[in-house]
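Some notes on the structure that comes next.
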Amino acid sequence: MTDPAPLLVLAGVLLAGFLLWPLLGPRLAASERKRRRRSAGGGMLGVVDEVFRPQTHEAHLVWEAQQELPAPAPLPGDGPLGAGPVRITLPPSR
């Protein structure tokens with residue numbers, strides 16, 4: 001008769017993986033997206049933009065800086081966030 005301990009250990013590892021995947025999956029996907037954004041292909045095209053289209057390159061640098069900035073903190077005189085009705089207005093569609 002064979003020892004059931006290795007099979008129980010394997011089943012435990014697989015079960016732990018299935019239970020931890022919902023917790024670790026989004027974090028791994030986010031780091032993968034960040035890694036892809038900083039790939040070498042974008043850097044090579046950035047040189048072309050900087051030389052031939054300087055306004056586009058500057059706009060891209062501003063966009064990158066805005067992506068990394070945190071949301072502004074509320075000022076002391078703003079009051080509580082849920083202090084009144086929130087109204088969202090959209091411009092009329094054409």
Side-chain angles (χ1 to χ4, degrees):
M1 194 112 193
T2 62
D3 188 25
L7 291 177
L8 289 174
V9 169
L10 178 63
V13 168
L14 290 176
L15 182 63
F18 283 121
L19 293 177
L20 291 177
W21 181 253
L23 299 174
L24 298 177
R27 182 174 291 162
L28 294 174
S31 66
E32 179 67 19
R33 283 192 301 270
K34 188 181 285 188
R35 186 188 64 78
R36 285 184 188 169
R37 257 193 313 217
R38 295 180 181 163
S39 66
M44 291 187 305
L45 292 178
V47 172
V48 173
D49 274 347
E50 190 172 1
V51 172
F52 294 106
R53 302 185 312 172
Q55 294 87 4
T56 305
H57 177 70
E58 290 172 10
H60 184 70
L61 291 177
V62 169
W63 177 82
E64 283 182 344
Q66 289 175 350
Q67 296 300 315
E68 294 176 1
L69 289 176
L75 298 174
D78 287 346
L81 294 176
V86 176
R87 183 179 301 209
I88 299 174
T89 58
L90 298 175
S93 61
R94 297 181 188 189

| said: If I take atom CG from residue Leu10 and atom CG from residue Leu15, how far apart are they, to the nearest 0.5 angstrom? | reply: 11.0 Å
| Members sharing Leu8's hydrophobic cluster (side chains within less than 4.5 Å) | none
| Hey, are the side chains of Val62 and Gln66 touching, using non-hydrogen atoms and a 4.5 Å cut-off? | yes
